[in-house]
Amino acid sequence: MESTSKRDLKIDILRFIAIMGIIIAHSTPNDIIFEIRNFDVTLLVILLGTSFFISNNNKKINYFSYVIKRFNRLVIPTWIFLVVFFSLFFILSLVLNQNYYFSLSQILSSFMLLSGIGYVWVMRVFFIIALVSPLLLNISQKIRNHTIYLSLVIICLFIQLLFLYIYSKSGGVFAKGLEYILLPGLGYSVVAAIGIRLKRLHFKSLIVYTLSFLLIFILFLYLNDFHSTQLDKYPPGIHYLSYGVFCSLFLYIVLHFKPVFKIFDWRIVYFISRNSLWLYFWHIIPVQLIFVFGLDKSIANNFFTRFLFIFIVAFIFTYIHYRLKKKLKRGVIEK
């Protein structure tokens with residue numbers, strides 16, 4: 001087993017793969033590519049759990065202080081980005097003498113991390129996972145047997161089915177509570193629990209976990225008449241989650257092999273990984289530019305050019321943001 005104190009570059013590579021998968025999804029690829037990469041959000045949640053384990057294992061957590069830090073790390077940057085985003089498109093609407101592109105309800109819903117412009121809902125999920133991560137770590141520490149832990153995880157995954165059924169039969173505020181809080185909270189908490197366990201798994205146990213989720217995915221693929229995992233994503237169901245967990249664990253396994261690892265062993269990969277939060281935010285701007293101004297009919301008229309446009313613009317914004325932040329930090333230190 002690796003030392004948990006040493007930075008695991010495989011985790012960085014997986015985060016890079018996840019963020020690139022999201023950008024690919026928002027570049028409107030064909031159905032096959034879209035379906036294959038539909039593990040990206042699940043992978044990010046697993047990595048949240050793994051990072052939490054690495055940072056907090058065998059440490060005493062001041063829960064109130066921890067929650068404040070996670071709020072500042074996840075919610076505040078989202079709000080800052082949204083201010084920049086809505087201001088930028090407001091200026092564009094004035095310059096081009098057009099009606100503003102977003103309604104007040106979209107703006108408010110975005111700041112509440114609900115639906116809004118889309119995209120920012122993942123920050124709500126990440127914050128919910130952050131709230132329950134100390135509890136998940138405590139459970140993982142108490143259950144030493146990997147098989148028992150896996151069994152508990154799978155039981156909780158199937159409990160999700162019960163709540164999905166209740167959700168399908170309910171309406172109003174109660175249904176919204178299930179949709180926005182409980183169902184993503186429970187479903188992705190199961191995924192985060194696997195991430196929290198990941199660094200403790202021996203290779204054999206890792207194989208067992210991977211094959212278990214492959215079998216669950218195949219079962220629900222059959223039960224759901226081989227429909228797309230995307231149809232099971234909002235709110236997250238077992239079909240969607242099991243696919244994401246299987247792919248994530250499989251990728252983690254193959255990265256143990258040096259030839260595969262070396263494919264991704266590049267400075268730019270680690271830069272993107274370590275700045276993935278802001279790359280995610282900044283990529284929303286070119287995606288919306290394509291949508292608002294119909295750029296898919298000109299410079300972004302196919303998947304490849306759309307992907308290049310979104311990635312290059314997002315990367316430039318991220319790099320400028322990184323350099324400005326570094327200069328500001330250096331200036332504060334020098335003072």
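Along the sequence shown, the residues carry numbers beginning at 1.
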| field | Proximity of Trp282 and Phe315 rings by center, below 6.0 Å | value | no
| query | For the hydrophobic clusters of this structure (ILVMFWY residues joined by side-chain heavy atoms under 4.5 Å, transitively), does one cluster hold both Ile218 and Leu231? | reply | no
| query | Between Phe85 and Phe89, is any pair of side-chain heavy atoms under 4.5 Å apart? | reply | yes
| remark: In terms of heavy-atom contacts, Lys199 and Thr50 come closest through CG-CG2, 3.7 Å
| request: Determine whether Ile24 and Phe34 make a side-chain contact, defined as any pair of heavy atoms from C-beta on separated by less than 4.5 Å. | output: no
Got a list of side-chain donor-acceptor pairs under 3.5 Å for residues 117-133, not counting sequence neighbours?
from   : atom 1 : to     : atom 2 : distance (Å)
Arg124 : NE     : Leu113 : O      : 2.6
Arg124 : NH1    : Tyr180 : O      : 2.7
Ser133 : OG     : Ile129 : O      : 2.7

| Residue list, salt bridge (Lys or Arg N to Asp or Glu O under 4.0 Å) with Glu35, at least two apart or on another chain | none
| field | Single-linkage hydrophobic cluster Met112~Trp79, side-chain heavy atoms < 4.5 angstrom | value | no
| message | I'd like to know whether the aromatic ring centres of Phe213 and Tyr209 sit less than 6.0 Å apart in this structure. | response | no
| query | Can you name the residues that form a side-chain hydrogen bond (donor to acceptor under 3.5 Å, both in side chains) with Tyr101, not counting sequence neighbours? | reply | Gln98
| Who passes ring pair (Phe, Tyr, Trp, His ring centres under 6.0 Å) against Phe86, sequence neighbours left out? | Phe102
| task | Identify whether Ile207 and Ile216 are in the same connected component of the hydrophobic contact network (ILVMFWY, side-chain heavy atoms under 4.5 Å). | result | yes
| message | Hydrophobic clusters here meaning ILVMFWY residues chained together by side-chain heavy-atom distances under 4.5 Å, can you tell me if Ile284 and Leu114 are in one? | response | no
| message | My understanding is that only residues two or more places apart in sequence, or in another chain, count here; which of them pass side-chain hydrogen bond (donor to acceptor under 3.5 Å, both in side chains) with His227? | response | His239
| For Gly49 and Ile196, which heavy atoms make the closest approach, and how far apart are they? | O-CG1, 3.3 Å
| said: Could you tell me if the side chain of Tyr167 sits less than 4.5 Å from the side chain of Leu182, heavy atoms only? | reply: no
| field | Side-chain hydrophobic cluster, 4.5 Å single linkage: members besides Leu104 | value | Leu108
| Where Leu178 and Ser170 come nearest, the two heavy atoms and their spacing | CD1-OG, 3.9 Å
| Tyr234, OH atom: more than 12 neighbouring heavy atoms under 6.0 Å | yes
| query | With the threshold set at 4.0 Å, does a side-chain nitrogen-carboxylate oxygen contact exist between Asp265 and Lys262? | reply | no
| Stepwise ring pair (Phe, Tyr, Trp, His ring centres under 6.0 Å) check, Phe81 with Tyr280 | CA-CA 10 Å; Phe81 167 74; Tyr280 179 81; 8.6 Å; no
| Can you say whether the rings of Tyr252 and His256 are parallel (under 30°), tilted (30 to 60°) or perpendicular (over 60°)? | perpendicular
| Over all atoms of both residues, closest heavy-atom pair of Gly237 and Leu164 | CA-CD1, 3.7 Å
| query | Does Ile148 belong to the same Ile/Leu/Val/Met/Phe/Trp/Tyr cluster as Leu157, with side-chain heavy atoms less than 4.5 Å apart forming each link? | reply | yes
| said: Within the 4.5 Å heavy-atom criterion, are Ile166 and Phe174 side-chain neighbours or not? | reply: yes
| Heavy atoms, side chains only, cut-off 4.5 Å: are Phe311 and Ile272 in contact? | yes
| field | Donor on one side chain, acceptor on other, Asn38 and Thr229, under 3.5 Å | value | yes
| salt bridge (Lys or Arg N to Asp or Glu O under 4.0 Å) with Arg73: which residues, sequence neighbours excluded? | none
| What residues join Ile68 in its hydrophobic cluster, counting side-chain heavy atom gaps under 4.5 Å, either direct or through other members? | Phe64
| So which heavy atom on Leu183 is nearest to which on Gln160, and how close? | O-NE2, 2.9 Å
| note | Lys176 meets the salt bridge (Lys or Arg N to Asp or Glu O under 4.0 Å) criterion, sequence neighbours left out, with Glu179
| query | Which residues pass the ring pair (Phe, Tyr, Trp, His ring centres under 6.0 Å) test with Phe303, sequence neighbours left out? | reply | none
| task | Please report the closest heavy-atom contact between Ser93 and Phe90, naming both atoms and the distance. | result | OG-O, 2.6 Å
| query | Less than 4.5 Å apart, any side-chain heavy atom of His283 and any of Thr318? | reply | no
| remark: Sequence neighbours excluded, the answer for salt bridge (Lys or Arg N to Asp or Glu O under 4.0 Å) partners of Arg37 is Asp40
| said: Measuring only between side-chain heavy atoms, which start at C-beta, is Phe271 closer than 4.5 Å to Tyr319? | reply: yes
| request: Please examine the side chains of Thr210 and Leu214, heavy atoms only from C-beta on, and report whether any two atoms are closer than 4.5 Å. | output: no
List the atom pairs, with distances to 0.1 Å, where a side-chain N or O of residues 287-295 and a protein N or O form a donor-acceptor pair under 3.5 Å, not counting sequence neighbours.
none

